[in-house]
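Side chains included, hydrogens not; waters and symmetry mates left out as well; all remaining heavy atoms used. Letters go in sequence order (proteins before strands), and every chain restarts at 1.
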Amino acid sequence: MKPTSIMNRATPFLFLAPAGIIMIFALLYPIGYLTVASFFDWRMGTPFADAVFNGFGNYAWILNDPNFHESFMVTITFAFTVVVLEMLIGVGLALMLERPILGMSVFRTIFILPMMIAPIVVGLVWRYMYNPQFGIFNKTLKKWGFEPIPWLSSPDWALPSVIIADIWQWTPFIFILSLAALQSLPRSSLEAARIDGASEWQQIIYIKIPLMMPVLVVAALLRMIDAFKVLEVIFIMTNGGPGLSTEIMSLQIYKTAFVSWELGRAAALSNVLLAIVLVITLAMFVYTKIRDARIARAQAAAEQY
Amino acid sequence: MKEYSRTNTTVFYLILVCLSLMSLGPIVLMLLTSLKLKVDIFNEVSTFIFMPTLKNYSSVLHDPSLMRYLGNSLYVGLISTLLTLVMGCMAAYAIVRFRFMGRDAVSLSTLLMRMIPPAVLTVPVFAIWTFQYQLGNNLHGLILVYVAINLPFVIWILQSFIEQVPIQLEEAARVDGANPFQVFFLVVLPVIKPGLAAAAIFTFRIAWNEFILALVLTNRATRTTPVHISLFLTEHNIDWGQIMAMGMLIAIPPIIFTFVASKQIITGMTAGAVKG
């Protein structure tokens with residue numbers, strides 16, 4: 001074989017090799033390691049080789065741990081509340097503000113800023129604003145003659161406070177996506193509805209929302225995935241407290257591993273969180289596949305006429 | 001076309017401006033606080049009128065440890081971006097031109113990567129990096145994780161750019177006697193510059209902002225700025241003016257990127273989902 005043809009044949013592998021090697025060693029291997037480690041009784045300070053195999057012991061321990069139950073509920077409450085409220089506000093605003101917008105690119109830039117700055121910084125600013133003495137919320141409340149609210153220091157208020165911060169940060173994501181979806185709706189169906197005398201509300205409920213549905217479902221699922229990933233903002237604002245009132249699972253994983261030094265248990269917890277997120281992700285992937293297939297079928301059918 | 005009355009238009013833009021103010025408010029508050037003296041911050045009465053001072057910035061910037069951490073952040077951000085781009089576009093090129101795997105495989109892996117909570121990576125990455133790779137407390141260890149985390153996304157986004165490069169361009173170069181590497185580096189790369197820019201912004205921002213992996217993988221010497229800030233905060237007497245000044249320093253690069261490339265950023269945020 002001529003040297004050039006060998007090189008041509010090897011080229012694809014040479015091009016893929018660096019990325020492939022990095023991903024195998026720094027991504028796939030750690031995930032596999034995580035699964036193995038979750039079956040061992042392993043504490044920080046002992047090498048993994050000395051860890052004792054303990055089967056499903058870590059999982060059994062997690063299932064019986066009241067702290068895990070609480071953290072699990074906090075995580076689910078946080079994720080669902082955040083997604084529902086952000087969808088309602090974001091889609092509502094998009095429906096209200098749907099029309100040609102002068103300077104939309106400027107507004108859009110401003111709206112994505114909260115998502116771009118470091119989560120650590122977002123946590124910082126909100127912790128400052130929630131400060132009981134000189135935070136802007138309590139200062140304003142006092143000025144208007146209301147009782148100050150113990151935002152981050154009361155177990156009843158801490159979770160809502162954290163949720164408010166997340167809504168501030170992420171509602172623009174839903175808003176921008178649904179606005180884009182609205183503006184790309186087929187004009188003909190809306191025109192037809194208007195001619196038939198459909199009111200604004202009827203247009204929204206029977207035409208706009210159903211047509212936007214594909215984008216809305218994906219947006220909600222993406223937000224759901226991200227809500228399970230949140231860590232830094234809460235870490236900075238409350239560090240899980242008071243008590244366990246804002247201790248989402250990500251935070252519990254970190255604390256189990258690097259505060260309590262129980263690496264095996266932390267690995268098992270990680271796997272539980274990973275499994276939850278995996279289910280949502282696969283649901284999303286299947287949904288987009290079905291949607292694309294349906295669109296393709298509709299197009300094929302349309303071409304027959 | 002619908003007609004919009006003038007009052008409607010006024011109300012409409014008023015709402016948009018209000019929303020913008022809500023979005024910007026906390027960031028502006030951070031900026032203002034970073035320009036305030038301690039007495040102004042702790043003042044119980046809120047004042048918009050105060051003597052702005054750069055004292056917080058100057059004391060923060062004269063702190064040699066912070067300068068070191070900013071340097072670490074910059075080093076990790078730049079090197080990991082560079083490596084991710086080089087490896088990412090080579091892989092994307094191989095996948096598109098040599099018909100490796102399918103688009104589906106790449107978008108599924110991008111999506112799966114996007115889904116992994118960073119907290120989940122802390123245990124295995126900490127253990128493997130410290131005990132097996134001997135990369136604990138080392139900036140290059142951090143670079144390795146960031147490259148791995150960002151690769152799927154970069155490959156995904158560059159794919160769509162490479163697909164648009166006309167194959168005739170490459171064939172012409174090959175006829176002129178260029179080998180596959182020359183074709184790639186001298187013909188393809190210059191054409192996909194916009195894609196590279198978008199990918200670079202995305203990768204750098206993630207490396208620059210990342211916190212939890214940096215927290216478990218670094219020590220006093222190799223910390224990045226977000227980790228430094230978080231440790232600064234746990235102390236009892238919080239100096240909010242200085243903290244906010246540091247926060248601004250961290251926030252400035254992403255803010256600049258947002259103004260430069262908001263469109264690409266929005267595409268990136270919906271990666272692997274909206275257009276599969």
Side-chain angles (χ1 to χ4, degrees), chain A residues 7-8 11-12 15-16 18-19 22-23 26-27 30 33-34 37 47-48 97 99 107-114 116-121 124-125 128-129 134 136 139 172-173 176 215 218 222 225 228-229 231-232 236 250 253-254 257-258 263 266-267 270 273-274 277 281 284-285 288 292, chain B residues 4 15-16 20 23-24 26-27 29-30 41-42 44 46 87-88 90-91 93-94 98 100 108 111-112 115 117-125 127-128 131 144-145 147-148 151 155 179-180 209 211-212 216 226 229-230 233 240 243 247 250-251 254-255 258-259 262 265-266 269 273-274 276:
Chain A
M7 190 157 103
N8 280 340
T11 309
F15 273 87
L16 269 179
I22 293 277
M23 291 208 286
L27 217 54
Y33 191 96
L34 181 72
F48 185 53
L97 299 176
R99 58 185 274 187
F107 286 116
R108 200 166 37 203
T109 308
I110 291 173
F111 291 148
I112 59 177
L113 271 182
M116 298 305 291
I117 56 178
I120 269 298
V121 175
L124 213 67
V125 176
Y128 177 68
M129 293 198 296
F134 47 84
I136 185 156
K139 254 188 200 173
F173 175 76
I176 290 171
V215 176
V218 170
L222 271 182
I225 294 172
F228 280 99
K229 288 168 65 178
L231 167 70
E232 283 104 330
I236 291 293
S250 286
I253 292 170
Y254 171 77
F258 297 96
L263 291 177
S270 303
L273 180 60
L274 207 53
V277 190
T281 311
M284 181 159 90
F285 193 70
T288 49
D292 292 349
Chain B
Y4 298 104
I15 296 175
L16 271 178
S20 309
S23 212
L24 281 177
I27 301 169
L29 192 72
M30 170 165 71
I41 295 172
F42 287 95
E44 288 266 334
S46 64
M87 294 177 190
M90 286 171 72
Y93 180 69
F98 303 100
F100 252 101
L108 180 62
L111 196 59
L112 286 177
M115 135 212 138
V120 163
L121 288 175
T122 52
V123 173
V125 163
I128 295 170
F131 301 120
L144 178 63
V145 201
V147 172
L151 267 175
I155 294 175
N179 69 37
N209 286 351
F211 167 70
I212 193 72
V216 303
I229 275 211
S230 78
L233 197 63
W240 281 104
I243 284 250
I250 297 192
I255 291 177
T258 314
F259 278 95
S262 60
I265 289 167
I266 291 169
M269 285 193 299
V274 172

Between [X] and [Y], is any pair of side-chain heavy atoms under 4.5 Å apart?
X        : Y        : answer
A:Val125 : B:Ile27  : no
B:Ile255 : A:Ile117 : yes
A:Met23  : B:Val147 : no
B:Met90  : A:Leu16  : no

Rounded to the nearest 0.5 Å, how far apart are [atom1] of [X] and [atom2] of [Y]?
X        : Y        : atom1 : atom2 : result
A:Leu274 : B:Met115 : CG    : CE    : 4.5 Å
A:Phe111 : B:Leu16  : CZ    : CG    : 5.5 Å
A:Thr109 : B:Phe259 : OG1   : CZ    : 6.0 Å
B:Thr258 : A:Arg108 : OG1   : CZ    : 13.0 Å
B:Ser20  : A:Ile110 : OG    : CD1   : 4.5 Å

What part of [X] gets closer than 4.5 Å to chain A, counting heavy atoms only: side chain, backbone, both or neither?
X        : result
B:Phe211 : both
B:Ile243 : both
B:Leu121 : side chain

Heavy-atom closest contact (B:Trp240 atom, A:Leu124 atom, distance): CZ3-O, 3.7 Å
Atom of A:Met116, atom of B:Pro254 and distance for their closest heavy-atom approach: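 Here A:Met116 and B:Pro254 meet closest at O-CB, 3.5 Å.
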Test side-chain contact (heavy atoms from CB on, under 4.5 Å) applied to B:Phe131 - qualifying residues, sequence neighbours left out: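 side-chain contact (heavy atoms from CB on, under 4.5 Å) list for B:Phe131, sorted by chain: B:Ala127.
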Qualifying residues under side-chain contact (heavy atoms from CB on, under 4.5 Å), relative to A:Pro30, sequence neighbours excluded: B:Pro124, B:Val125, B:Ile128, B:Trp129
Among A:Ile225, A:Val277, A:Ile253, A:Leu231, the one residue meeting side-chain contact (heavy atoms from CB on, under 4.5 Å) with B:Pro117: A:Val277
A:Phe258 versus chain B, the contacting section by heavy-atom distance below 4.5 Å: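 Only the side chain of A:Phe258 comes within 4.5 Å of chain B.
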Structural part of A:Ile236 lying under 4.5 Å from a heavy atom of chain B: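 For A:Ile236, backbone and side chain are both near chain B.
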